[in-house]
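Note that these values count all heavy atoms, side chains included, but never hydrogens, waters or copies made by symmetry.
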Amino acid sequence: LNVSAKVISPALTGHFACGHERMEHLTDFHVFSRGDASAPTLSRANTVQAELVAAELVPRALAHPGLPGALFREDLFREATANLDPNAPKQSKLPGGTLVPA
């Protein structure tokens, strides 16, 4: 961002000095993920691959249909995050609608 730590710190910590000794605390100023926003789903993986091909950053011949699912591992994500969020989904939906334990 090319700004000093003093400038960006309030946005990252949620503590804003508003002047006249007034401080505002906004803990949700930045939300990097919430709910399933960062889940590496197969749908998102396919979208990334399609966009890379469309931008000609990946040759179409190298865009193997099975590659996105091998790189974006929703099962590992669910396992790693299961104990972090009590509201995390407990199962994943495979292509075709089959539900499996996360």
Side-chain angles (χ1 to χ4, degrees):
L1 297 174
N2 199 24
V3 297
S4 71
K6 180 180 178 182
V7 170
I8 196 138
S9 179
L12 297 175
T13 64
H15 304 290
F16 294 87
C18 300
H20 304 287
E21 297 182 22
R22 193 174 119 239
M23 187 71 118
E24 291 286 334
H25 300 282
L26 304 169
T27 56
D28 278 353
F29 187 78
H30 284 292
V31 177
F32 294 100
S33 67
R34 183 174 282 153
D36 245 7
S38 60
T41 64
L42 182 59
S43 173
R44 290 178 180 148
N46 286 328
T47 297
V48 169
Q49 179 170 279
E51 289 177 0
L52 290 171
V53 169
E56 298 180 354
L57 296 171
V58 171
R60 189 170 302 282
L62 296 180
H64 188 274
L67 186 59
L71 297 176
F72 278 51
R73 296 284 308 275
E74 185 176 2
D75 59 327
L76 296 178
F77 173 83
R78 298 283 180 217
E79 183 180 331
T81 60
N83 295 322
L84 298 177
D85 181 0
N87 300 315
K90 303 296 183 223
Q91 56 193 4
S92 296
K93 188 180 284 189
L94 297 175
T98 304
L99 295 174
V100 296

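Across all their heavy atoms, Leu62 and Leu67 have their closest contact at O-CD2, 4.4 Å. Phe72 and Arg44 get closest at one heavy-atom pair: CE2-C, 4.2 Å. Of all heavy-atom pairs between Phe16 and Pro10, the closest is CZ-O, 3.5 Å. Scanning all heavy atoms of the two residues, the minimum distance from His15 to His25 falls at ND1-ND1, 2.6 Å. Counting all heavy atoms, side chain and backbone alike, Ala63 lies closest to Val53 at CB-CG2, 3.6 Å.
Checking side-chain atoms of His64 against main-chain N and O of Gly66 turns up a donor-acceptor pair under 3.5 Å.
Annotation: the span from Glu79 atom CD to Glu74 atom CD amounts to 13.0 Å, rounded to 0.5 Å. Atom CZ of Arg73 and atom CG of Leu71 lie 10.0 Å apart (nearest 0.5 Å).
Hydrophobic clustering, with ILVMFWY side chains joined whenever heavy atoms are under 4.5 angstrom apart, keeps Leu42 apart from Val48.
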